[in-house]
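For reference, the structure is listed below as structure tokens.
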Number of protein chains: 2
Amino acid sequence: MTKEMPTVWARQPKRQQRDQPALSREQIVSAALELLDAEGPEALSMRKLGARLNAGATSMYSHVANKEELLELVVDDVHGEIQLPETPANWREAVSGCAHSLRDTYLRHPWMAATVGSVPLINISPNMLRMSDYLLQALTSAGFSYKAADQALNAIAAYLIGAATFEAAWLVTIQRSGQSEEQWLEKLMPAAEEAIKNYPHVLQAYQAQTEQSDNSREANFSNGLTCILDGLEARLEKV
Amino acid sequence: MTKEMPTVWARQPKRQQRDQPALSREQIVSAALELLDAEGPEALSMRKLGARLNAGATSMYSHVANKEELLELVVDDVHGEIQLPETPANWREAVSGCAHSLRDTYLRHPWMAATVGSVPLINISPNMLRMSDYLLQALTSAGFSYKAADQALNAIAAYLIGAATFEAAWLVTIQRSGQSEEQWLEKLMPAAEEAIKNYPHVLQAYQAQTEQSDNSREANFSNGLTCILDGLEARLEKV
DNA sequence: TGCGGGTGTCGTACAGTGTGCGTAATGACG
DNA sequence: CGTCATTACGCACACTGTACGACACCCGCA
């Protein structure tokens with residue numbers, strides 16, 4: 001026998017219980033998800049979670065090894081929300097549709113980006129595999145070799161996680177301030193300008209940005225994505 | 001007066017103390033850094049930090065508002081380790097040198113990637129501004145407009161953070177297992193193959209990868225980076 | 001020289017955390 | 001009916017971040 005791996009995905013699910021226990025893994029996971037969305041990751045405690053489920057503080061431990069494993073499950077659950085375009089016209093559309101859906105999902109659950117970084121072996125969680133498989137299919141059938149497709153996938157995934165991390169951090173900061181994005185921006189501006197003033201190029205970029213019209217976060221995201229896709233496409237054509 | 005911003009960078013440093021107090025901000029930050037490197041982020045507690053500094057558990061609060069702010073300072077401190085090429089031959093070299101140094105830095109402190117996601121307003125921390133300014137300078141003097149350079153910077157930064165996140169998560173997982181990367185891989189393989197088996201394209205990519213020789217993490221990172229740079233360069237030429 | 005007052009340090013205390021353990025209840029099977 | 005496996009739960013432990021108040025120190029001023 002191989003020694004057990006310290007990850008949920010390798011662990012056998014518990015033998016099907018014959019009776020109907022009050023708690024189930026899915027209930028626990030979805031309650032945790034609600035709590036995370038409502039109050040953020042630092043507010044998620046096993047006691048609160050138990051309370052929300054009308055259960056004791058330690059009742060969840062029959063269904064979940066520990067808090068970390070619970071988080072793995074929740075993260076994978078959220079990854080299940082990502083929609084994969086069903087009949088994309090080409091590989092770019094497949095990737096781009098998936099990318100935008102991932103972004104939407106991560107921004108709907110702004111704690112995700114900061115959390116994935118501490119979840120081990122995220123690559124072999126079911127819903128991540130589902131997405132990888134989809135993208136590899138799209139890429140290889142467009143002409144990428146499996147090696148090239150794998151590398152492309154890594155690059156894309158890195159960009160997506162990074163972009164989501166920045167954007168989510170921004171949203172969380174605003175959310176915590178309890179103000180609207182405009183109010184927050186207005187209050188931030190003096191401090192930002194003060195911090196920037198000794199960095200001439202940052203200052204210029206800042207000024208160039210404020211007089212531009214289309215600097216929405218969404219446009220910015222698409223822009224970076226297009227950039228990667230262009231780089232990939234160039235390689236595809238070269239072969 | 002504008003209301004004070006809830007971030008270290010906007011806050012005035014405390015009035016210079018005339019005597020030589022036992023603790024200083026720098027000491028605290030560097031001790032925290034050591035602790036994080038040695039035992040990981042979940043092992044960093046104010047009490048342990050105090051003990052390491054031969055100080056009481058709450059003595060740090062005269063120099064640092066709270067643990068979160070301490071983390072902001074540590075993160076910026078680490079960002080200070082990133083080396084910026086002094087006389088790059090062209091913009092690609094500038095970006096690439098900076099990128100590799102960032103990667104090295106993040107892998108030297110594997111807790112960084114998971115931590116930056118929960119640090120607010122990272123963009124206006126001094127050492128981040130220093131790097132942004134450097135890159136904007138390199139990009140604009142290569143012909144990018146300030147708007148284009150800003151977008152390019154965002155794309156690059158996202159890729160870097162994302163790539164570091166994946167790689168660091170991998171390293172941390174191995175480190176926690178207390179085994180070498182090879183041992184760990186060997187033990188992981190059966191579980192991974194089991195998890196993969198229903199995803200045909202992932203499986204093929206996996207097989208293609210194992211028979212390849214040059215699939216080092218470093219090569220993978222460079223590859224994705226090159227891909228972005230190619231995409232950027234294409235835009236630069238088009239203008 | 002003496003004396004406030006400001007500053008840094010630290011002990012105590014409080015509310016809250018994850019979770020190990022023992023126990024009790026529940027239902028299935030022989 | 002008894003036996004057994006499984007879940008739920010209360011309690012306890014070690015530990016967390018940090019508010020508060022007391023205390024020791026050093027400064028400039030009288």
Side-chain angles (χ1 to χ4, degrees), chain A residues 6 8 11-29 31-32 35-36 38-75 111 115 118-120 176, chain B residues 6 8 11-32 35-36 38-75 111 114-115 118-120 176:
Chain A
V8 227
R11 205 175 351 260
Q12 310 280 359
K14 289 233 160 110
R15 168 161 46 266
Q16 195 69 16
Q17 52 259 8
R18 12 200 179 215
D19 49 347
Q20 314 264 72
L23 259 44
S24 76
R25 209 179 235 205
E26 286 135 33
Q27 261 179 75
I28 296 175
V29 168
L35 233 127
L36 283 166
E39 314 188 31
E42 69 281 347
L44 170 65
S45 80
M46 300 305 270
R47 285 165 162 82
K48 271 195 204 167
L49 187 55
R52 170 172 288 244
L53 290 161
N54 284 88
T58 61
S59 303
M60 285 84 63
Y61 284 91
S62 324
H63 305 266
V64 153
N66 49 39
K67 194 183 180 182
E68 196 183 331
E69 179 175 305
L70 171 61
L71 275 181
E72 293 184 46
L73 292 167
V74 176
V75 164
W111 44 271
T115 306
S118 40
V119 169
R176 277 215 248 167
Chain B
V8 228
R11 199 167 4 251
Q12 310 281 358
K14 288 232 163 112
R15 170 162 46 268
Q16 194 70 15
Q17 51 260 7
R18 10 196 182 220
D19 51 347
Q20 314 264 68
L23 257 45
S24 78
R25 210 179 232 206
E26 286 134 34
Q27 262 178 73
I28 295 175
V29 168
S30 84
L35 232 126
L36 283 166
E39 313 186 32
E42 69 279 347
L44 171 64
S45 79
M46 299 305 268
R47 285 179 230 270
K48 270 195 203 166
L49 187 55
R52 171 172 287 244
L53 290 160
N54 285 90
T58 61
S59 303
M60 285 83 61
Y61 284 91
S62 327
H63 305 266
V64 154
N66 50 38
K67 193 183 182 182
E68 196 182 332
E69 178 175 305
L70 171 60
L71 275 181
E72 293 184 45
L73 291 168
V74 176
V75 163
W111 44 270
T115 305
S118 40
V119 169
R176 278 216 247 168

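In this text, all values refer to a predicted model and were calculated from it rather than measured experimentally. Chain letters run A, B, ... following the sequence lines, proteins first, then strands; residues in each count from 1.
The two residues Thr115(B) and Val75(B) have their closest heavy-atom pair at CG2-CG2, 4.0 Å.
For the side chain to side chain donor-acceptor pair (under 3.5 Å) test, no residue two or more places apart in sequence or in another chain qualifies with Glu26(B). Contacts of Ala31(B) classified as side-chain contact (heavy atoms from CB on, under 4.5 Å), with partners at least two apart in sequence or in another chain: Leu49(B), Arg52(B), Leu53(B).
Rounded to whole Å, the distance from CD1 on Ile28(B) to P on dC10(C) is 11 Å. The distance between atom CD of Glu68(A) and atom P of dG18(C), rounded to the nearest whole Å, is 13 Å. Here the P atom of nucleotide dT7(D) and the CD atom of Gln27(A) are 14 Å apart, to the nearest Å. Distance, Lys67(B) NZ to dG16(C) P: 18 Å, rounded to whole Å. Distance Met60(B) CE to dA19(D) C1': 14 Å, rounded to the nearest Å. Between the OH atom of Tyr61(A) and the P atom of dT6(D) there is a distance of 21 Å, given to the nearest Å. Atom-to-atom, CZ of Arg25(B) to P of dT9(C) comes out at 14 Å; the value is rounded to the nearest Å. Counting to the nearest Å, the C1' atom of dT17(C) and the CD atom of Glu39(A) are 15 Å from each other.
Between His63(A) and Gln27(A) there is no side-chain heavy-atom pair separated by less than 4.5 Å. Looking at heavy atoms from C-beta onward, Leu23(A) lies in side-chain contact with Ser59(A) at the 4.5 angstrom threshold. By the 4.5 Å heavy-atom criterion applied to side chains, Glu72(A) and Pro120(A) are counted as neighbours. Contact check for Ile28(A) versus Arg25(A): no side-chain heavy atoms found under the 4.5 Å cut-off. Counting only heavy atoms from C-beta outward, the side chains of Leu71(A) and Leu36(A) approach each other to under 4.5 Å.
In this structure, the separation between CD on Glu68(A) and CD on Glu42(B) is 8.0 Å, given to the nearest 0.5 Å.
Applying the salt bridge (Lys or Arg N to Asp or Glu O under 4.0 Å) test to every pair with at least one member in residues 58-67 of chain B, sequence neighbours left out, gives no pairs at all.
Sorted by residue number, the members of residues 41-54 of chain B with any non-hydrogen atom under 4.0 Å from DNA chain C read Arg47(B).
Distances from the side chain of Asn66(A) to the nucleotides dT19(C), dC9(D), dT9(C) place dT19(C) closest. When the nucleotides dT9(C), dT7(D), dG18(C) are ranked by their closest atom to the side chain of His63(B), dT9(C) comes out on top.
Among the duplex regions that DNA chain D forms, those built from at least three successive Watson-Crick or G-U pairs under 3.5 Å are C:1-30 with D:1-30, ordered by first number.
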- Item | Test side chain to side chain contact (heavy atoms under 4.5 Å, CB included) applied to Leu70(B) and Met60(B), step by step | CA-CA 9 Å; Leu70(B) 171 60; Met60(B) 285 83 61; over 6 Å; no
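Phosphate contact (OP1/OP2 of dG8(C), side-chain N/O of Ser59(B), threshold under 4.0 Å): absent.
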Return the polar atom pairs (N/O with N/O) between nucleotides 21-25 of chain C and the protein under 3.5 Å, or none.
none

